[in-house]
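What follows is a short report on a single structure.
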Amino acid sequence: MIPVYSVAQIRAVEAQEKSKRGETSLMKQAAAHLASTAVAMLAEGHSTEPAFVVGLIGPGNNGGDGLYALAELQQQKISTLALQCHEQINAEAAAAYQAADGTILDLSDGDGELANASLVIDAIYGLGYRAGSEVPSVPAGVRVLACDVPSGLDPETGVAQDSVLRAERTVTFGAIKAGLLSVDGPLVTGEITVADLEFDFSSVQPGTQLVDEQAARELLDQHRSWRDAGRHKYQRGVLGLIAGSDLYPGAAQLTAKAAVACGVGLLRTHVPDSIQPLMAVSVPESVPLDDEQIKEALSFSRRQIHGKSAKIKAWAIGPGLDGRTPPTGAIADVFASPQPAVIDASGLDVVPAGPSEQPRVLTPHAKELRMLLGRAGVKITPDELSQDPIRWTRWAALAYNAVVLLKGPTSYIVAPNGDSLMVSHSAPELATAGSGDVLTGILGYMLSDSSLTGTEGLRTVRNRRMMELTACAAYIHGHLGRVTAADGTVNASRLIDNLPKVMKQFGF
C-alpha cells in the first residue's frame, strides 16, 4: 500500500532533506524525474512536428524544478520555452536554463505560444498554492504535465478552483499528498507518478494508505491456498441477500447477479413474494430463503452444512428495500447475528447505531453518510463533509461500530478504531443507477468466502480484514468501471457482464 501524508508532514520531511542534501540538489533530482516523464509523454504523441515544450514557471522551488527540467530537455535537443508567471523566479535555476540556450519570457509576452506546445509543464505553485491564487489558462487540447501538484488544486484538502490546470499526468515528489486523492484531486491530477527522491519518512506516521492494484492483489492473496481448488460450493461462500421491494425490484436482481458473476458458491435470496418470480428468471442460480430458513441459517449448529439450511457465511442487506420502517423479522434477526454483513442503500436507513456483535460494512455515499451521522446526533453540512471526508467517515465508523466505506471518486474506508484506507479509481462512469448494488454484490461475495476472510468455523471476521476486503472490492469496482467504459457507455448491467473477466484478472 502507498502511504498518504499531510502537507505539514511532507514539508517537515522535505526540510530535513534540504538541510542534508541542499535545495539545489533536490531540485535537480526532481527535475530529472519531471524531464523523464515529459520525454515519455512526447514519445506517446502521434505528431510529425518537432516537439515543443512550454514551461509555466512560478516562484520558489516548484518553478526551479520546472526550469531545471526544461534545461535537461534543451540538452536532449528538445525545443523549449519558459514563461515566467511571477515577478520573481529561482535565479540559479533560471541561469542554468539560459546556459542551456533556453529562453525565458514574461507570460504576457509569450502566452500565444501555449497553443503551439506539444506539452505544457505546470511548475507554478506546487505545495505553495493558496486558494484564490492566479492560474493562467491553457488552450483546450494541450497536454499538461503537473510538477508536484496541479496549479489551482489545494494539496491539503483537494479542493480545486474553477481555473485549475487539469493535468494528464502529475509527477509528485517525496510522497503522495492527501489533496491529490481527495475531493477534486482525482479529477484533475491525471495519472500520478511518485518520485520519492529517497526521502526518509521513517519517523512519520501516514494519515492513511492508498490501495492500488498491487496492494489489492496482495491483500486478496493473504489467505488463499492451493487447496482452494478442491472446495465444494458450500465452502466457496454462501451469501444471504435481503433486498428488493415492489418499488425497486431491480436492485435485488442486480446485487444477486453481481454476486453470482463473482463466483459465489451459493446465493440465498430473501425478497418479497412479488419479486421472487423475477429473481427465478433473471438469477436462476439463486435459492429462495424465507424467514424460518433465516432462523435456521443463523443457528450455530455445526451439522447445518448442506441443503436448505446450509450455513450462511455473510449477508448483503439493503438494495431496493423499503427502508421507511424499523428493522423487524428477518432483518432484525440478521442484525443480531455474528455473521458479517455489508449494508447499503435502504439498509442504511434502519441499521442500528452503537455496539454490535455483528461485523458490519456500511457503504454510504456522501448524502447517506450525513444521514447516518444525523441519526447518531452529529449534524454536518455538505461543505463540511467535502472539506474533510475522512474525519467524518471516522465519526460514522465509531458511532455505528462498523467499517464505513464512503463512496466517491476517492473512496474512504475507515474501521471503528480509526484505521483507514483509500481507493482512488477516477471512474466517473460509475456514477450510474445500480452501480452501488453491483459493489454490494462484490463485497458480499468476498465476506462470504473464508479463503478471503481467513476464517473457518465460527470465528468472527476482524475489522481490519473487513476493511482490507472492502478496499479490495472498491478497487475492483473502480477497475470494472474503467474496463466497461473502454468500449462504450456504462450501466449496471454492462458492469455485471464484464465482472467475470475482471474477477479472473484478480485471481478468482
Side-chain angles (χ1 to χ4, degrees), residues 1-4 175-176 180-181 186 189 191-194 196 206 208-231 235-237 239 258-265 313-314 340 342 361 363 403 405 407-415 419-427 429-430 435 438-456 461-486 495-508:
M1 287 180 279
I2 301 172
V4 180
I176 289 186
L180 297 178
L181 304 176
T189 56
E191 180 184 328
I192 298 174
T193 300
V194 180
D196 62 28
T208 187
Q209 293 180 298
L210 175 69
V211 175
D212 60 358
E213 181 173 346
Q214 179 181 344
R217 292 181 183 278
E218 291 173 354
L219 290 171
L220 290 170
D221 286 341
Q222 275 187 6
H223 301 290
R224 283 171 170 166
S225 164
W226 59 269
R227 295 186 184 277
D228 293 342
R231 295 182 299 166
Q235 294 173 322
R236 292 187 59 224
L239 176 65
V260 169
C262 287
V264 70
K313 295 288 293 184
V342 51
V361 179
T363 61
V403 173
L405 163 64
K407 298 180 290 193
T410 292
S411 294
Y412 303 88
I413 305 99
V414 182
D419 287 347
S420 65
L421 298 172
M422 298 173 72
V423 173
S424 183
H425 51 63
S426 300
E429 298 86 0
L430 285 173
S435 174
V438 175
L439 175 59
T440 299
I442 296 171
L443 181 53
Y445 158 64
M446 288 187 178
L447 295 180
S448 75
D449 190 335
S450 60
S451 73
L452 297 175
T453 61
T455 59
E456 293 293 345
V461 185
R462 296 182 181 275
N463 277 329
R464 177 69 195 185
R465 190 56 180 165
M466 296 272 285
M467 181 175 67
E468 292 170 347
L469 290 178
T470 301
C472 291
Y475 185 88
I476 288 174
H477 188 240
H479 182 70
L480 176 64
R482 292 191 295 273
V483 168
T484 305
L495 291 173
I496 294 169
D497 289 342
N498 285 319
L499 190 49
K501 69 179 180 183
V502 168
M503 294 298 285
K504 185 176 179 63
Q505 292 171 8
F506 285 85
F508 292 95

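Computed from heavy atoms alone, side chains included, the values below leave out hydrogens, waters and symmetry copies.
With sequence neighbours excluded, the residues satisfying side-chain contact (heavy atoms from CB on, under 4.5 Å) with Glu218 are Gln214. With sequence neighbours excluded, the residues forming a side-chain contact (heavy atoms from CB on, under 4.5 Å) with Arg236 are Arg231, listed by chain and number. The salt bridge (charged side-chain N to carboxylate O under 4.0 Å, His left out) search around Asp221 returns Arg224, not counting sequence neighbours. Under the side-chain hydrogen bond (donor to acceptor under 3.5 Å, both in side chains) criterion, Glu191 pairs with no residue, sequence neighbours left out. Residues forming a side-chain contact (heavy atoms from CB on, under 4.5 Å) with Leu210 (at least two apart in sequence, or on another chain): Ile2, Val4, Ile176, Leu181, Met422, Ser424.
Side-chain contact between Val211 and Ile413: absent, with no pair of heavy atoms (C-beta onward) separated by less than 4.5 Å. Between Leu469 and Leu219 there is no side-chain heavy-atom pair separated by less than 4.5 Å. When side chains are defined from C-beta on, Ser448 counts as touching Tyr445, because their heavy atoms get closer than 4.5 Å. Counting heavy atoms from C-beta outward, Val423 and His477 have side chains that stay 4.5 Å or more apart. Side-chain contact between Thr453 and Pro340 is absent, with no heavy-atom pair separated by less than 4.5 Å. Residues Met446 and Leu220 form a side-chain contact, since some pair of their non-hydrogen atoms from C-beta on lies under 4.5 Å apart.
Lys313 places no side-chain N or O within donor-acceptor distance of the main-chain N or O of Asp449, the cut-off being under 3.5 Å. The main-chain N or O of Thr208 is never found under 3.5 Å from a side-chain atom of Ser420 such that the two would form a donor-acceptor pair. Put simply, the side chain of Ser435 gets close to the backbone of Leu430: a donor and an acceptor are under 3.5 Å apart.
Heavy-atom minimum distance, Leu239 versus Gly444: CD1-O, 3.4 Å. Listed here is the closest heavy atom pair of Cys472 and Ala216: SG-O, 3.6 Å. Across all non-hydrogen atoms, the minimal contact from Leu495 to Thr484 is CD2-OG1, 3.6 Å. Between Ala473 and Leu439, the shortest heavy-atom distance links the atoms O-CD1, 3.7 Å. Listed here is the closest heavy atom pair of Asn463 and Val403: O-CG2, 3.7 Å.
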Going by atom type alone, with no hydrogens or angles, which donor-acceptor pairs under 3.5 Å involve a side-chain atom of residues 499-508 and a protein atom two or more places apart or on another chain?
{"residue": "Lys501", "atom": "NZ", "partner": "Asn498", "partner atom": "OD1", "Å": "3.4"}
{"residue": "Gln505", "atom": "OE1", "partner": "His479", "partner atom": "NE2", "Å": "3.0"}

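Note that OG of Ser450 is 10.5 Å distant from NE2 of His223, once rounded to the nearest 0.5 Å. Atom CE of Met466 is separated from atom CG of Leu443 by 7.5 Å, given to the nearest 0.5 angstrom. To the nearest 0.5 Å, atoms CG (Leu480) and CD (Glu429) are separated by 11.5 Å.
Other residues, nucleotides and ligands contribute only 12 or fewer heavy atoms inside 6.0 Å of the CZ atom of Arg462.
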